[in-house]
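All ligand and atom numbering here is 1-based and tracks the order in the structure. FYI, the numbering just counts along the sequence from 1. Just the heavy atoms: all of them, side chains too, but no hydrogens, waters or symmetry mates, feed the values below.
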Amino acid sequence: MKFFIDTANVAHIRQALDLGILDGVTTNPSLMAKEGIKGERAVLQHYKTIADLLGDGDVSAEVLATDYEGIVREGETLAEIADNIVVKVPMIKDGIKAIRYFYGAGHTHQLYACFLGRTGYFGCQSEVTYVSPFIGRIDDSNWDGVQLIEQIAGIYTTHGIATEILAASIRNPLHIIRSFEVGADVVTCPLDSIMGLLKHPLTDIGLAKFLEDAQKMKD
Ligand code: G3P
């Protein structure tokens, strides 16, 4: 079980690292744009900053090309940034082809935007490091995102597939718990979902009571 944070915000990454629970970071162009990162040099530098912060932890960096040659070229540039960069490739025909290339080149990689069980099938056919279903977006379209995780996990278990399931597009703490419950190897989520795991009124009430009673123990 691994915990990733889904952000390009360095302050959020530092906070999650400080909790001592962080195994990796996933990013995407929307998250990078949100941080005001502009231009190729700045993008590559930002990935380097995050990769250095993480040390050994995986940091996914997304290719923008959609053709095989472009995906391979961009992926090579991204993989050169640091050893812990995971090349993030879309679940499209040329992406699947490129995954075979990255596998052969020894680069870890993530096949993203998986919305159906058959995408999990491609994941196991192509020696993929991570396959990432976007469960929140599935829920947004009135289907059950967690059910997709369960379906892919079932296929991988039955056939002994090593590809790791990285649950993404997490909207709340329940998504995290349910994803791990049904077989996700990794969950990537925003900081507020991680912090949400720590919130429970009974914890607050229990702690307040103990602290109040601790006063009575004083001389
Ligand atoms: O990194 C991709 C994924 O986690 C997207 O999440 O919330 O934009 O659907 P969201």
Side-chain angles (χ1 to χ4, degrees), residues 1-13 15-16 21-37 43 46-47 49-51 53-54 57-66 71 74-75 78 81 84-92 95-96 98-99 102 108-116 119-120 122-123 128-149 152-153 163-180 182-197:
M1 249 170 67
K2 288 188 279 189
F3 233 119
F4 287 8
I5 189 168
D6 195 28
T7 188
N9 182 293
V10 169
H12 285 188
I13 295 169
Q15 278 187 60
I21 49 108
L22 197 65
D23 299 301
V25 176
T26 51
T27 64
N28 62 43
S30 311
L31 295 171
M32 294 288 277
K34 205 167 146 189
E35 299 309 313
I37 316 294
V43 168
H46 198 68
Y47 286 140
T49 302
I50 296 174
L53 264 178
L54 262 288
D58 285 346
V59 176
S60 75
E62 194 167 310
V63 298
L64 304 178
T66 53
I71 293 172
E74 277 183 31
L78 293 170
I81 297 172
N84 54 337
I85 289 286
V86 176
V87 181
K88 195 172 166 188
V89 177
M91 172 66 226
I92 57 175
I96 293 290
I99 282 290
F102 293 129
T108 53
H109 43 272
Q110 174 188 348
L111 196 55
Y112 78 87
C114 303
F115 292 99
L116 290 167
T119 63
F122 278 115
V128 178
T129 316
Y130 296 113
V131 70
S132 65
F134 283 8
I135 67 170
R137 294 190 189 188
I138 297 173
D139 285 4
D140 291 344
S141 62
N142 292 326
W143 289 90
D144 184 355
V146 170
Q147 204 176 51
L148 175 59
I149 304 277
I152 298 174
T163 298
E164 292 187 58
I165 303 169
L166 192 167
S169 185
I170 297 291
R171 299 274 195 265
N172 51 57
L174 190 61
H175 266 160
I176 301 174
I177 295 161
R178 291 286 296 127
S179 296
F180 279 136
V182 301
D185 300 284
V186 190
V187 168
T188 188
C189 46
L191 185 65
D192 56 358
S193 296
I194 298 176
M195 299 313 281
L197 286 173

Determine whether a donor-acceptor pair (N or O, by modelled atom type, separation under 3.5 Å) exists between the side chain of Thr163 and the backbone of Tyr130.
no
What residue and heavy atom of the protein are closest to atom 6 (O) of ligand 1, and at what distance?
Ser169 CA, 3.3 Å
Which heavy atom of the protein is the closest neighbour of atom 5 (C) of ligand 1, given with residue, atom name and distance?
Arg137 NH2, 3.6 Å
Out of Thr188, Leu31, Ile135, Asp6, whose heavy atom is nearest to atom 3 (C) of ligand 1?
Asp6
N/O donor-acceptor pair under 3.5 Å between His46 side chain and Ala8 backbone:
yes
Does the side chain of Glu62 pick up a donor-acceptor pair with the side chain of Asn28 at under 3.5 Å?
no
Donor-acceptor contact below 3.5 Å, side chain Asp23 vs main chain Phe3:
yes
Against heavy atoms of Lys88, which atoms of ligand 1 measure under 4.0 Å?
1 (O), 2 (C)
Counting C-beta onward and ignoring hydrogens, is there a side-chain heavy-atom pair between Lys2 and Asp185 closer than 4.5 Å?
no
Identify, for atom 7 (O) of ligand 1, the protein heavy atom at the shortest distance, and state residue, atom and that distance.
Arg171 NH1, 2.7 Å
